[in-house]
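Before any comments, here is the structure.
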2 protein chains.
Amino acid sequence: MTAWLINRVVQLRDPLSQTFAALADPTRRAMLARLSQGEANVTDLARPFLGQMSLPAVTKHLKVLESAGLVTKGRSAQWRPCTLNGAALRDAADWMETYRRFWEESFDRLDVYLKTVTASGSSKKKPKGKSRGRKKQVE
Amino acid sequence: MTAWLINRVVQLRDPLSQTFAALADPTRRAMLARLSQGEANVTDLARPFLGQMSLPAVTKHLKVLESAGLVTKGRSAQWRPCTLNGAALRDAADWMETYRRFWEESFDRLDVYLKTVTASGSSKKKPKGKSRGRKKQVE
DNA sequence: CTCGTACATGACCGCTTGGTTAATTAACCG
DNA sequence: CGGTTAATTAACCAAGCGGTCATGTACGAG
């Protein structure tokens with residue numbers, strides 16, 4: 001029936017959904033990564049992607065990030081200096097925070113497992129330490 | 001040109017994008033919230049939404065969560081007991097973590113602002129404390 | 001075996017998304 | 001003024017997404 005209307009209008013435009021949707025694209029995440037190193041105008045942001053996609057495509061991505069509140073686009077003559085805006089990201093992080101125990105639980109299970117393994121070996125090195133949440137990660 | 005092909009195939013299917021995309025829907029987030037309180041089968045998960053959407057719709061949402069690795073769907077007779085799987089969520093949280101300074105920066109700016117405001121008033125109550133990251137939030 | 005329950009699957013539909021090219025606006029520069 | 005650079009807008013296209021209904025399947029119970 002006309003349920004799709006209700007959905008489209010009411011459902012999918014809450015800020016959190018917009019934020020997550022904006023993050024659900026590697027191009028957009030890369031742009032955020034670039035912006036995390038400082039202000040940049042549109043062509044700066046586009047540079048790594050030109051050759052793979054056109055400038056209007058970048059403009060579109062940028063618009064998604066902007067309307068999700070993740071970046072702020074200023075203007076100076078013909079340039080649009082963009083800056084990263086942490087606030088929207090914080091909302092998403094806050095949401096995630098409520099689930100932290102779930103990934104730490106599984107980490108703890110691994111921790112317990114590792115302890116049983118190393119218990120049968122020598123007990124030196126003692127790598128205890130509150131080293132939650134692995135490093136790695138670039139993208 | 002055939003750029004859309006390259007994109008579709010190569011771009012949008014990385015795990016992180018899938019995870020964020022899965023989170024970009026309030027229905028799906030609500031299902032995760034339900035699962036955070038313990039195992040549930042499909043009709044359990046669907047219950048709050050029936051009347052607003054059909055069962056197949058829920059099945060679809062569930063499939064999105066599943067293929068993003070966020071939930072694991074077991075089977076016991078005709079039931080599919082679903083459980084929340086924290087690992088995928090952790091990957092997303094790790095990504096966010098690299099941007100933490102940006103929302104904490106803005107918090108600090110607010111902090112400074114509040115200090116200048118309260119400085120002109122009385123200096124009692126002293127709400128200093130490392131109370132990062134507001135409470136609120138339900139969804 | 002038959003029935004009911006719990007889900008999944010398939011075919012369809014309309015909007016959204018991510019991309020394209022071509023044209024347009026806007027500002028600076030000489 | 002005319003030209004160049006920066007960026008946006010418009011029109012279009014194919015694929016994806018979120019929903020529908022109808023049908024199909026797998027299992028337990030009587």
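In what follows, every chain begins at residue 1, and chains take the letters A, B, ... in the order their sequences are listed.
Closest to the side chain of B/P56, from the set C/dT20, C/dC7, D/dC21, is D/dC21. Counting only heavy atoms from C-beta on, A/N41 has its side chain closest to D/dA7 among D/dT20, D/dA7, C/dG4. If you check D/dA6, D/dC27, C/dT20 against the side chain of A/Q78, the one that comes closest is D/dA6. The side chain of B/K60 lies closest to D/dT20 when the candidates are C/dG18, D/dT20, C/dT21. Listed nucleotides: D/dG18, C/dA6, C/dG18. Nearest to the side chain of B/V64: D/dG18. With C/dA6, C/dC28, C/dT20 as the choices, the nucleotide that has an atom nearest any side-chain atom of B/W79 turns out to be C/dA6. Comparing C/dC7, C/dA26, D/dT20 against the side chain of B/M53 picks out D/dT20 as the nearest. Nearest to the side-chain atoms of A/V42 among the listed nucleotides C/dT21, C/dA26, D/dT8 stands D/dT8.
Every side chain to side chain donor-acceptor pair (under 3.5 Å) that A/R28 has, sequence neighbours left out, goes to A/H61.
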Side chain to side chain donor-acceptor pair (under 3.5 Å) evaluation trace for B/T83 with B/N85: CA-CA 6 Å; B/T83 56; B/N85 178 4; over 6 Å; no
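Put simply, B/T59 has no side-chain N or O that comes within less than 4.0 Å of OP1 or OP2 on C/dC7. For A/T43 and D/dA7, the shortest distance from a side-chain N or O to OP1 or OP2 is below 4.0 Å. At the phosphate of D/dG18, OP1 or OP2 sits under 4.0 Å from a side-chain N or O atom of B/R28. In this structure, A/K63 reaches the D/dT9 phosphate: one of its side-chain N or O atoms is under 4.0 Å from OP1 or OP2.
In this structure, CD of A/Q18 is placed 13 Å from P of C/dT16, rounded to the nearest angstrom. Atom CZ of B/F20 is separated from atom C1' of D/dG16 by 20 Å (rounded to the nearest Å). Note: CD (B/Q52) to P (D/dG18) measures 16 Å, nearest angstrom. Between the CE atom of A/M31 and the P atom of C/dG18 there is a distance of 10 Å, given to the nearest Å. Between the NZ atom of A/K73 and the C1' atom of D/dT8 there is a distance of 8 Å, given to the nearest Å. Taking atom CG on B/L45 and atom C1' on C/dC7, their separation rounds to 12 Å, with Å as the unit. The CG-P distance, from A/L55 to C/dT24, rounds to 18 Å in whole Å. The separation between B/L23 atom CG and D/dC17 atom P is 15 Å, rounded to whole Å.
Both A/R75 and A/A57 lie close to DNA chain C; mapped to their nearest nucleotides by heavy-atom distance, the more 5′-ward contact belongs to A/A57.
Between B/M31 and B/V58 there is a side-chain heavy-atom pair separated by less than 4.5 Å. Residues B/T43 and B/L55 have side chains in contact (heavy-atom distance under 4.5 Å, counting atoms from C-beta outward).
When all heavy atoms of B/L16 and B/W95 are compared, the pair lying nearest together is CD2-CD1, 3.7 Å.
For the 3.5 Å distance criterion, the side chains of A/S36 and B/R101 fail to qualify, holding no donor opposite an acceptor.
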